[in-house]
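In what follows, every chain begins at residue 1, and chains take the letters A, B, ... in the order their sequences are listed.
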Protein chains: 2
Amino acid sequence: MTTSGQAAGKRRRTSARILECALELFERNGFESTTVAQIAAAAGVTEMTFFRHFPAKEQVLLDDPYDPLIAAAVADQPRTLRPLVRTVRGIRQAWSRLSEPESDLVRRRVRIVAESPALRAAAWRNNAETERLIVDQLVRDGTDRLRAHAAAGAALAALMAALFEWARHDDILLAGCIDIALDTVDSDDG
Amino acid sequence: MTTSGQAAGKRRRTSARILECALELFERNGFESTTVAQIAAAAGVTEMTFFRHFPAKEQVLLDDPYDPLIAAAVADQPRTLRPLVRTVRGIRQAWSRLSEPESDLVRRRVRIVAESPALRAAAWRNNAETERLIVDQLVRDGTDRLRAHAAAGAALAALMAALFEWARHDDILLAGCIDIALDTVDSDDG
DNA sequence: CCCAAAAAGTTATGAGCTAACATTTTGCGG
DNA sequence: CCGCAAAATGTTAGCTCATAACTTTTTGGG
């Protein structure tokens, strides 16, 4: 390489610093009451630099790598199942491998998101891309758009409920919450 | 009366003018590209006045009277049903009485909302209150928080899917879309 | 026609975000 | 170790949404 990624180390370090400072400020003072200027100052950078690392204030919390995995997992499910069941199983599979160390960071972020209506809404906007991927997959396999959309939306809503409830406690397991939430939607058969 | 609502007529007229101007501009140029200043100018008022009538730009489109009815309708369902089924039936009942004339206005607004990711997210924030009411009702009747949240979220997601799909066409019936979407989630039994 | 209250205007301010251009920092090839 | 191109960051200026404090206009009943 040598050409692309000259000072990539510095960039990652700055990103991490901004992220950590932002999380601490959000936890201490709340998301809305924390300004980008404060975060930037705490991280020793300019507002401009903050926005170069995170396209928006909310993206500090919402830029997670798990969502894209869902669409792939849904595609893996047998095409003979009902759309909702396929989606539910895909989500279950995608979230089954969340290691303990990262689990703590995820919990911190979800906790902050759960507190703010604006952030919960923003989380849905983030989900939109995942939802679109699931819908496309289901439609490709013969489900009509409306049913596909309803199934994907409902399953993701259940997932969000599981994440928010999980984040409210310190000791419960995420997998358990996801199972309960998805069972509520999926009822039984398969 | 006489004391409260001195010049209420003028206020309503101004609101209606702002609403109509905003809708036309949104339809012509898109939601994001339309500034509050443009809307205000078109309606012959100041930006300040715009915000006195609508707390935020998005509220021109999202301030609908139907959502609150849902929580009440859910409460009306037999408490013996599963939470998801109760919620689905409540939604079905609440949206069953949408008269034709208002239907056109609703469709205009939903169409604009469907176009913008930011607006779709904002619609979810609007739903949050409805969701809370449903959850509270279910919890009061013995369902645990997580299951209640999952059921309410999933059912509302299906409703949104129905509204968005319905708004994409000119000739289909909303009731039909809602039935299909909710059936996808509710599967069958009751 | 007068007058209290409601509606709308004025001015100022702050936060989030973007764009154009200048400056510093980084790390590899010589 | 030094220079150099690219990457990272800083600077400045501006737009839009939104809020607050204060003033002026408009409304409709007595």
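Axis angle, first five pairs versus last five pairs of the helix from dC1(C)-dG30(D) to dG30(C)-dC1(D): 0°, rounded to 10°.
In summary, Asp186(A) and Arg82(A) do not engage in a salt bridge, as defined by a charged side-chain N under 4.0 Å from a carboxylate O. Between Arg109(A) and Asp63(A), none of the side-chain N atoms (NZ, or NE/NH1/NH2) sits under 4.0 Å from a carboxylate O, so this pair counts as no salt bridge. For Asp136(A) and Arg140(A), the salt-bridge test fails: no basic side-chain N is under 4.0 Å from an acidic carboxylate O. Salt bridge status for Arg86(B) with Asp141(B): present, with a side-chain N to carboxylate O gap under 4.0 Å. Residues Arg108(A) and Asp104(A) are not paired through a salt bridge, judged by the lack of any N-O separation under 4.0 Å between the basic side chain and the carboxylate.
Atom CD1 of Ile134(A) is separated from atom CD of Glu131(A) by 7.5 Å, given to the nearest 0.5 angstrom. In this structure, Leu163(B) CG and Tyr66(B) OH are separated by 10.5 Å, a value rounded to the nearest 0.5 Å. Rounding to the nearest 0.5 Å places CD of Gln59(B) at 13.0 Å from NZ of Lys57(B).
For Thr49(A), a side-chain nitrogen or oxygen approaches OP1 or OP2 of dG10(D) to under 4.0 Å. The shortest distance between the side-chain N/O atoms of Thr14(A) and the OP1/OP2 oxygens of dA8(D) is not below 4.0 Å.
One interatomic measurement links the two molecules: CD of Glu47(B) to P of dT11(C), which rounds to 14 Å at whole-angstrom precision. In this entry the distance linking NE2 of His53(A) with C1' of dG10(D) reads 12 Å, nearest Å. For the pair Gln59(B) CD and dC17(D) P, the computed distance is 15 Å after rounding to whole Å. Taking atom CE on Met48(B) and atom P on dT25(D), their separation rounds to 18 Å, with Å as the unit. Following rounding to the nearest Å, Lys10(B) (NZ) and dA5(C) (P) show an atom-to-atom distance of 18 Å. Distance, Lys57(A) NZ to dG14(C) P: 16 Å, rounded to whole Å. Put simply, CZ on Phe54(A) is 16 Å from C1' on dT9(D), counting in whole angstrom units.
Contacts between residues 15-40 of chain A and DNA chain D, defined by a heavy-atom separation under 4.0 Å, are absent.
Residue-to-nucleotide proximity on DNA chain C shows that, of Arg13(A) and Pro55(A), the 5′-proximal contact is made by Pro55(A).
At a cut-off of 3.5 angstrom, the base of dA8(C) holds at least one donor-acceptor pair with the side chain of Arg52(B).
Listed candidates were dG9(C), dA7(C), dA18(D). Nearest to the side chain of Val45(B) is dG9(C). Taking only side-chain atoms of Phe51(A), from C-beta outward, the nucleotide of dG16(C), dT10(C), dT11(D) with the closest atom is dG16(C).
When each of Leu19(B), Asn126(B), Leu119(B), Val110(B) is tested with Leu61(B) by the rule side-chain contact (heavy atoms from CB on, under 4.5 Å), just one qualifies, namely Leu119(B).
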